[in-house]
Number of protein chains: 2
Amino acid sequence: MTGRARIPRPAVQRLSMYLRELERREAAGESTVSSSGLGAACGVTGAQVRKDLGSLGRTGRPGIGYGVHELARSIRSAIGVHRSWRAALVGAGNIGRALAAYGRFQDEGFEIAAAFDRAPGVVGRRVAGMMVEPMDSLPKAIRERGIDIGIIAVPTEAAQGVAEVLVAAGVRGILNFAATRLHVAGEVPIVDVDFRAALERLALEVSERSARPERGGRSTPGARARRLS
Amino acid sequence: MTGRARIPRPAVQRLSMYLRELERREAAGESTVSSSGLGAACGVTGAQVRKDLGSLGRTGRPGIGYGVHELARSIRSAIGVHRSWRAALVGAGNIGRALAAYGRFQDEGFEIAAAFDRAPGVVGRRVAGMMVEPMDSLPKAIRERGIDIGIIAVPTEAAQGVAEVLVAAGVRGILNFAATRLHVAGEVPIVDVDFRAALERLALEVSERSARPERGGRSTPGARARRLS
DNA sequence: CGGTGTGAATCTGTTCACAGCC
DNA sequence: GGCTGTGAACAGATTCACACCG
């Protein structure tokens, strides 16, 4: 029942990275990490790592570092992945199938518990061992199967409508793969995964690099390793 | 030959959003937008929009707004999408196929010009009308077909190796769909698209919402519409 | 020593408010 | 009146530097 200080937004992304690195190290049998070691692997400074970890209940021991397992658990708990989330996938097209096929989500605290599609040709087929259901049965399924979040993987034009249905059915969050901004009633958080925006970010980054042919004396601090999800 | 002031990182993502909205409006026949109109559609304030547009060569007219077409072009040019980029897709599995199938990239300034895979069973098959080639032919293809960027859509374990091959072959940027951090030589920018990190961000957002049951008097400013790609 | 935790200083981005133009 | 462009105030995040612990 700690007051749980709010985590700075940019830190959240980094925590995900740390977590991934920690799991790798845990699998490799390492039992402690230093902030600078962890930072090096993730492309940030040790000071940054320490600050980030400071926003959650810290566990580091001076002279030693952090316990890998302990820290991983602490991060999971901070970002809310200590419990498991149940997700409904809407849209069993290409992206939808790709997501369903990536079976590892379950280990990572996310379970795709249902899949829906509008097209009669797709409904009733199996996708990664899961039966695709018609859109009509979505609201009832959401409520009865205790689904927390909706994943939108339908074409752009259909996304807004799906979002409204999901919210009306009571999901508590939406992961949106459609390249459009969704407007929904209430306070339901939405996270967009936008391939095109990612490509555009990359395009800019590439343009800037080649435009500036390694300026003057020292290299720009932090020039290497700028990364966003 | 303008000195082209550097665009603040967070602004880049917003510019992508604006661009999408502008294209929608252009298609709808609108010819001008106000900063606040554009902002409302994208979930940011008018002042923010104006500041963002200020970093590129501005074109707004007081009392009127911005020319939709003109502004779209200006944004494209600022983020480097005025010219077209040629991309190589590595990995023709689920995500790879999903990307290839999303045919609209070409309209948006990105052309998937080649696809590669390691698995003999996949090589030689067609994916979205494109022949999948073996990894061996990657370096030569990159050079000969003037490919700018590589898209990594292979399993986690293989990603690092692929990244090195791509960089050695001379790509100028990498879009990485594998859930691992890549370390490459030189200054090649990398943008990660990490589904799991996105889910984790959503998990945190949902947890925070339900933890705080609508505190006190006024709602937190900017509580609605927080969004990241 | 090696390494954490943290206040203080700095930097970066956002919001405000208003002068000026249509 | 409506709307842009921008300096000035503000808020937030990162970096620095150092006290303190094992």
Side-chain angles (χ1 to χ4, degrees), chain A residues 2 5-15 17-18 22 30-68 70-71 74-75 78 201 208 218 220-228, chain B residues 2 5-15 17-18 22 30-68 70-71 74-75 78 218 220-228:
Chain A
T2 52
R6 191 180 147 293
I7 303 171
R9 249 61 209 186
V12 179
Q13 283 192 67
R14 288 191 300 266
L15 288 175
M17 290 200 313
Y18 303 159
L22 288 168
E30 301 177 34
S31 67
T32 64
V33 234
S34 69
S35 60
S36 38
L38 186 53
C42 298
V44 299
T45 71
Q48 179 75 80
V49 173
R50 291 199 297 279
K51 259 279 150 60
D52 288 343
L53 300 185
S55 28
L56 38 88
R58 88 222 55 65
T59 49
R61 291 214 307 285
I64 310 288
Y66 301 84
V68 171
E70 210 174 352
L71 185 51
S74 177
I75 292 179
R201 199 153 67 239
E208 283 187 350
R218 65 180 70 239
T220 324
R224 64 154 158 34
R226 179 162 302 120
R227 217 75 67 95
L228 283 177
Chain B
T2 51
R6 188 180 148 293
I7 303 170
R9 248 61 208 187
V12 179
Q13 284 191 67
R14 289 191 298 265
L15 288 175
M17 289 200 314
Y18 302 159
L22 288 168
E30 301 177 33
S31 67
T32 63
V33 233
S34 69
S35 60
S36 39
L38 187 51
C42 298
V44 298
T45 71
Q48 180 73 79
V49 172
R50 292 199 298 279
K51 260 277 149 61
D52 288 343
L53 300 185
S55 29
L56 37 89
R58 86 222 59 65
T59 49
R61 291 213 308 284
I64 310 289
Y66 301 85
V68 170
E70 210 173 353
L71 184 52
S74 177
I75 292 179
R218 66 180 67 240
T220 323
R224 64 151 158 36
R226 178 162 303 120
R227 216 74 67 96
L228 283 177

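Values in this document were obtained by computation on a predicted structure and should not be read as measured data.
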Subject >> Spacing of B:R61 atom CZ relative to D:dG2 atom C1', expressed in whole Å >> reply: 14 Å
**OP:** For residues A:S74 and A:G57, report the shortest heavy-atom separation together with the two atoms involved.
**Re:** OG-O, 3.5 Å
**OP:** Indicate, with a heavy-atom threshold strictly under 4.0 Å, whether B:G65 touches base, sugar-phosphate, or nothing.
**Re:** sugar-phosphate
**OP:** Heavy atoms only: give me the nearest B:V49-B:G39 pair and the separation to one decimal.
**Re:** CG2-CA, 3.6 Å
**OP:** Answer yes or no: does a side-chain N or O of A:Q48 lie under 4.0 Å from OP1 or OP2 of D:dT15?
**Re:** yes
Original post:
Could you give the CD1-to-P distance, from B:I7 to C:dT12, as a whole number of Å?
Top reply: 16 Å
Subject >> Charged N-O contact under 4.0 Å between A:R201 and A:E208 >> reply: no
Original post:
Can you tell me how far P of C:dT14 sits from CZ of A:R9, to the nearest Å?
Top reply: 15 Å
Subject >> Intermediate values then yes/no, side-chain contact (heavy atoms from CB on, under 4.5 Å), B:V44 and B:L38 >> reply: CA-CA 8 Å; B:V44 298; B:L38 187 51; over 6 Å; no
**OP:** Could you pick out which residue, A:R50 or A:I64, lies toward the 5' side of DNA chain D when each is mapped onto its nearest nucleotide?
**Re:** A:R50
Original post:
Of all the choices, D:dT14, C:dG2, C:dG20, which nucleotide is nearest to the side chain of A:P62 once you look at every atom?
Top reply: C:dG2
Original post:
Under 4.0 Å between a side-chain N or O of B:R14 and OP1 or OP2 of C:dT14?
Top reply: yes
Subject >> Nearest-nucleotide 5' precedence on DNA chain D, A:A47 against A:P10 >> reply: A:P10
Original post:
Given atom CD of B:Q13 and atom P of C:dG13, what is their separation to the nearest angstrom?
Top reply: 13 Å
Original post:
Just checking B:G60: base, sugar-phosphate only, or nothing, at a heavy-atom cut-off of under 4.0 Å?
Top reply: sugar-phosphate
**OP:** Please name the residue in the list B:S36, B:S34, B:S35 that meets the side chain to side chain donor-acceptor pair (under 3.5 Å) test with B:R50.
**Re:** B:S35
**OP:** Quickly work out the A:L38 CG to C:dG5 P distance and round it to whole Å.
**Re:** 13 Å
Original post:
Does A:S35 put a side-chain nitrogen or oxygen below 4.0 Å from OP1 or OP2 of C:dT4?
Top reply: yes
Subject >> Spacing between A:L15 atom CG and D:dA13 atom P, to the nearest angstrom >> reply: 13 Å
Original post:
Quick one: B:L53 CG to D:dT4 P, roughly how many Å, whole number?
Top reply: 9 Å
Subject >> Euclidean distance, atom NZ of residue B:K51 to atom P of C:dA17 [Å, nearest integer] >> reply: 13 Å
Subject >> Phosphate OP1/OP2 of C:dG5 contacted by A:Y66 side-chain N/O (<4.0 Å) >> reply: yes
